[in-house]
Number of protein chains: 2
Amino acid sequence: MTYQHAITALADPTRRVIIDRLRAGPLAVGAIANGMEISRPAVSQHLRVLSDAGLLTVTPSGNRRLYAIAPDGVDALRKYLDSLWDDALSAFARAAHEKAKGQ
Amino acid sequence: MTYQHAITALADPTRRVIIDRLRAGPLAVGAIANGMEISRPAVSQHLRVLSDAGLLTVTPSGNRRLYAIAPDGVDALRKYLDSLWDDALSAFARAAHEKAKGQ
DNA sequence: ACTTACGGTAAGTCATTGCTTACGATTCGT
DNA sequence: ACGAATCGTAAGCAATGACTTACCGTAAGT
């Protein structure tokens, strides 16, 4: 039941930028913040939110900390949306059928 | 490129409750607000946000307005997450491979 | 050992947003 | 035609959250 935190975390545009930067593979905090307009502490705070939401994993590597996308967290959100998608389609088909019958 | 608005709209817990109420089929505003703790205008405002995000459709029916989940809006979000999912899995596999080779 | 690099945390500020009450517009029932 | 019902919008308020600067701990390099 962690998809709520995940969707809240992904609602922020800056956090989606961070996620996009990690699509190709793990990165250290400095590498993520480099080129972004906000300060490095701000990036740290976003990374904290994303990690708490289960969307990122952290692996300390010497001096630095490597962040990577956690497939499990993304999957939780996917499952929620798939369920919503199924129900929406069923309701849509039923509504269309009722309308055709009524008309 | 409308998935950003969709994910922002779904980030609010109250709006997810509204969406859940519409899973079974279209409902009027009063029916949605009935039993909820917030006022009806607040529900109207949420419905506005969800509609603007492409997640709901409105069909006026006499005195009332029937809101229903828009499958297209949900699908846009699904596609974004599927893409993210694919990249996350690839990056994960690559990282595991590099680690195995390096170790 | 001392300095430098890396990154998390704290405190404070400002904008965003979700809620309420009040009001107006449209449609149904009689 | 008139009163009631349904619903959207405006204005105002309080809470949440994203950002900044300042600070502290830990690991690497010399």
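Bear in mind that the values here come from a model prediction, so they are computed numbers and not experimental data. Computed from heavy atoms alone, side chains included, the values below leave out hydrogens, waters and symmetry copies. Throughout, a chain's letter reflects where its sequence line sits, starting with A, and its residues are numbered from 1.
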- Task: Would you sort out whether I19(A) and L56(A) count as a side chain to side chain contact (heavy atoms under 4.5 Å, CB included), showing the intermediate values?
- Result: CA-CA 9 Å; I19(A) 287 284; L56(A) 295 184; 4.0 Å; yes
- Hits for salt bridge (Lys or Arg N to Asp or Glu O under 4.0 Å) against R23(B), two or more places apart or cross-chain, chain-then-number order -> D87(A), D20(B)
- Query: Is a side-chain donor or acceptor of R21(A) paired with a backbone partner of A33(A) at a separation under 3.5 angstrom?
  - Reply: no
- Task: Measure the spacing between CD of Q4(B) and OG1 of T2(B) and express it to the nearest 0.5 Å.
- Result: 7.5 Å
- According to a 4.5 Å side-chain heavy-atom criterion applied to Ile, Leu, Val, Met, Phe, Trp and Tyr, with indirect links allowed, do I38(A) and L27(A) form part of one hydrophobic cluster? yes
- Item | Listed once per pair and sorted, the ring-ring contact (aromatic ring centres under 6.0 Å, His included) pairs that draw on residues 24-76 of chain B, sequence neighbours left out | none
- Residues passing the salt bridge (Lys or Arg N to Asp or Glu O under 4.0 Å) test with R64(A), sequence neighbours excluded, are none
- Item | NZ/NE/NH1/NH2 to OD/OE distance under 4.0 Å, D75(A) and R78(A) | yes
- Can you measure from OH (Y80(B)) to CG (L10(A)) and round to the nearest 0.5 angstrom? 5.5 Å
- Message: Applying side-chain hydrogen bond (donor to acceptor under 3.5 Å, both in side chains) as the test, list every pair that has at least one member in residues 47-59 of chain B; sequence neighbours left out.
- Response: R48(B)-D52(B)
- Note on the structure: Heavy-atom nearest pair, A28(B) first then L66(B), reads N-CD2, 3.6 Å
- Residues which pass salt bridge (Lys or Arg N to Asp or Glu O under 4.0 Å) with D12(A), listed by chain and number, not counting sequence neighbours: none
- Query: Using rotation axes that map the C1' atoms of four end pairs onto the next four (five pairs an end), what angle separates the end axes of the helix from dA1(C)-dT30(D) to dT27(C)-dA4(D), to 10°?
  - Reply: 30°
Atom pairs under 3.5 Å, N or O on each side, protein against nucleotides 12-14 of chain D: can you list them with distances?
none

Check: protein-nucleotides 23-30 of chain D nitrogen or oxygen pairs below 3.5 Å:
none

- Provide the start and end nucleotides, 5' to 3', of the part of DNA chain C that has atoms under 4.0 Å from heavy atoms of chain B. dG18(C) to dC28(C)
- Query: When rounded to the nearest 0.5 angstrom, what distance separates CG in L47(B) from CG in L22(B)?
  - Reply: 7.5 Å
- Task: Give me the residues of residues 7-30 of chain B where at least one heavy atom lies under 4.0 Å from an atom of DNA chain C, by number, or none.
- Result: D12(B), T14(B), R15(B)
- Starting at OH of Y67(B) and ending at C1' of dC7(D), how long is that distance when rounded to a whole Å? 8 Å
- Message: Is there a path of hydrophobic side-chain contacts, each under 4.5 Å between heavy atoms of I/L/V/M/F/W/Y residues, joining V49(A) to V17(A)?
- Response: no
- Query: What pairs with D72(B) under salt bridge (Lys or Arg N to Asp or Glu O under 4.0 Å), at least two apart in sequence or on another chain?
  - Reply: none
- Near DNA chain C, which residues from residues 41-56 of chain B have a heavy atom under 4.0 Å away? P41(B), A42(B), Q45(B), H46(B)
- Query: Atom CE of M36(B) and atom OG1 of T14(B): how far apart are they, to the nearest 0.5 Å?
  - Reply: 5.5 Å
- Query: Has the side chain of R16(A) got a donor or acceptor atom that lies under 3.5 Å from a matching backbone atom of A11(A)?
  - Reply: yes
